[in-house]
Amino acid sequence: MLKIYNTLTRQKEDFHPINTDKVGMYVCGMTVYDYCHMGHARVLVMFDVITRHLRRRFPQVEYVRNITDIDDKIIARAVENQEDIFSLTNRFIDAMHEDERALGVLPPDVEPRATDAMDQMFYMIKSLVDKGIAYQGKNGDVYYSVRKFDNYGKLSGKNLDELEAGARVDIESDKKDPLDFVLWKMAKPTEPSWSSPWGEGRPGWHIECSAMSTHHLGNHFDIHGGGMDLAFPHHENEIAQSEGANDCSFVNTWMHVGFVNINDEKMSKSLNNFFTIRGVLESYDGETLRYFIMSSHYRSPLNFSDENLNNAKSSLTRLYTATRGLGSSEAAMDEVSQRFDFEKRFNAALDDDFNTPIALSILFELAKLVNSERDKDIDQASALAQLLIKLGDYIGILQTNADDFLKQGVGLSDEEIDEKIKLRDKARAEKDFALSDQIRDELTESGIVLEDSANGTSWRRK
RNA sequence: GGCCGGAUAGCAAAGCGGUUAUGCAGGGGCCUGCAAAGCCUUAUAGACCAGUUCGACUCUGGUUCCGGCCUCCA
């Protein structure tokens, strides 16, 4: 039984889809005015892991992850660059897809863009205005009246009066209540705009997700996710909009991914302490990044540091080393999978609120068994190695050829290395260990590790 | 100020009211020409103070410290 921690109830719950044939999941994606950073990477990877697991647990999953391609920051950045907003957003959407591929993240089923969903937003805003839940201010902006929604605050555990007490005074706005938020915002003459029943303008940030999620998944769907910082106000407002407009429960399970920290502080654009995915990819491969992200539970903080990334790299190296040179038929693998309980325990770990650290620890137990069987029963070792690769696939790792993973890197070419190994083999055959050790030391200097075995010498990059 | 969450061995990170987490790093051994990898083995935990219990890292209360949200943010 799959259990998921639900932000709404603050506890782990058994997960029962509304429709057992098809699970609907919506995740708030990127606002595309810059390169994705490690915080985005965590959301991308974790919901990829979650989707992969859901797909193995249910007949069909529809995973929708939106793209916010219109907002104030995008407009500001486009002005700064003197470019059209679409040329800006298209560029960063391409970059995001590149980053995603490097992390082994499979594309969502649908990736709707806010600018393609104007009609859906109009429809929802109109419905809110008709019901008297939303109103147009003197400045033309359309606002959501939070006092009209009884359950406001149910997700984030806030209540309106306390929020009110701490609220900053909003001087220029026409809001009836400082906590009301914008559904439709009038455009200044130079700004990009869309024609709406309320005038030329652009949507508020929250309405797009309400409109797109319900459009693709229905008014009431299973899972809605995003970064922890979206719980309030973004998701709270989405609930207010969707439930206000549709008069039905919006989402059953709310999932929030924890922050990536730098020196125990949240990585964020405003603190300017962020690392972009592509920046990190210059020093570490995508799979190592992915492993690093999965090495802690998705709701815990994840501290970004070279030490932790190097740790991830070593761990992955151990797993790949175990599978190196081994492989078996599917039948043999199925047989060992039946005989040992690794797969069962692995799935149980993921069923327990996607506990990737436990799942990974099971891979290490399996790797240890592969290593110890290697000299005893090579067929069994091969079948177990195949199982290790299969379980890796469940969470999107270990799908590269082990040799390729272990040899990846820069410096000497493979041919140069093979040449030196040949020279060393000759020296060893002649028992000229001084020369052979000298060659090995030189290679070590270049970051190449040699491993002698009965089957000859293999190498990897450190 | 209001509301959340956290504090686990050298580092990272989980589960669990009583029995090995796991990875890296460390000690000892096996293997190796020597290494590396691997295997075996071993040490090092649970912020602090009370309480509940036959027994608490795990439950309850308090203290301290840290982080987050309350404004755009994944």
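Quick note on labels: first sequence line is chain A, next is B, and so on, each numbered from 1. Given the structure is predicted, the values throughout are model-derived calculations rather than measurements.
The aromatic ring of A/F433 stacks onto the base of B/G33, its centre lying under 5.5 Å from the centre of the six-membered base ring with the two planes under 30° apart.
When heavy atoms are screened at a 4.0 angstrom cut-off, A/H37 is found touching base atoms of the nucleic acid.
Across the protein-nucleic acid pair, A/K266 atom NZ and B/A74 atom P stand 8 Å apart, rounded to whole Å. Residue A/F259 contributes atom CZ, which lies 8 Å from atom P of B/G68 at whole-angstrom precision. Per the geometry, CG belonging to A/N303 stands 12 Å off P belonging to B/G68, to the nearest Å. Residue A/D353 contributes atom CG, which lies 12 Å from atom P of B/C16 at whole-angstrom precision. The distance between atom OH of A/Y33 and atom C1' of B/C72, rounded to the nearest whole Å, is 8 Å. Note: CG (A/L302) to C1' (B/G6) measures 15 Å, nearest angstrom.
In this structure, A/R424 and A/E365 both approach RNA chain B, and ranking their closest nucleotides by distance from the 5' end singles out A/E365. When the nearest nucleotides of RNA chain B are assigned to A/S436 and A/D229 by heavy-atom distance, the more 5′-ward of the two goes with A/S436.
You'll find a donor-acceptor pair under 3.5 Å spanning the side chain of A/K73 and the base of B/C72, going by distance alone. Between the side chain of A/K158 and the base of B/C69, at least one donor-acceptor pair of N or O atoms lies under 3.5 Å. No donor-acceptor contact under 3.5 Å links the side chain of A/R374 to the base of B/G38. The base of B/A74 does not come close enough to the side chain of A/R42 for any donor and acceptor atom to sit less than 3.5 Å apart. Under 3.5 Å, the side chain of A/D452 and the base of B/C34 form at least one donor-acceptor pair of N or O atoms. The base of B/C4 has none of its N or O atoms less than 3.5 Å from a complementary donor or acceptor on the side chain of A/R10. Counting distance only, with no hydrogens placed and no angle test, the side-chain atoms of A/N261 and the base atoms of B/G67 include no donor-acceptor pair under 3.5 Å.
For the C1' atoms, the distance from B/U8 to B/G15 is 12 Å, rounded to whole Å. Rounded to whole Å, the C1' atom of B/A25 lies 7 Å from the corresponding atom of B/G10.
In this structure, the ring of A/F250 has its center less than 6.0 angstrom from the ring center of A/F221. In summary, the aromatic rings of A/H206 and A/H235 are positioned with their centroids too far apart to meet the 6.0 Å limit.
When both pairing distances are held under 3.5 Å, B/G15 makes no Watson-Crick or G-U pair with any nucleotide shown. Across all strands shown, B/G6 is found opposite B/C65 as a Watson-Crick or G-U wobble partner, with both distances under 3.5 Å.
Candidate nucleotides B/C39, B/C11, B/C72 were compared by shortest atom distance to the side chain of A/N308, and B/C11 ranks first. Checked against B/A36, B/G15, B/C39, the side chain of A/V449 finds its nearest nucleotide in B/A36. Proximity note for A/N311 (side chain, C-beta onward) versus B/U22, B/C11, B/C39: the nearest is B/C11.
Relative ring orientation between A/F354 and A/H53 is described as perpendicular, the plane-to-plane angle rising above 60° on a 0-90° scale split at 30° and 60°.
Of the listed residues (A/F292, A/F304, A/Y35), just one forms a ring pair (Phe, Tyr, Trp, His ring centres under 6.0 Å) with A/F275, and that residue is A/F304.
Shown here is A/K266, whose NZ atom has more than 12 heavy atoms of other residues, nucleotides or ligands within 6.0 Å.
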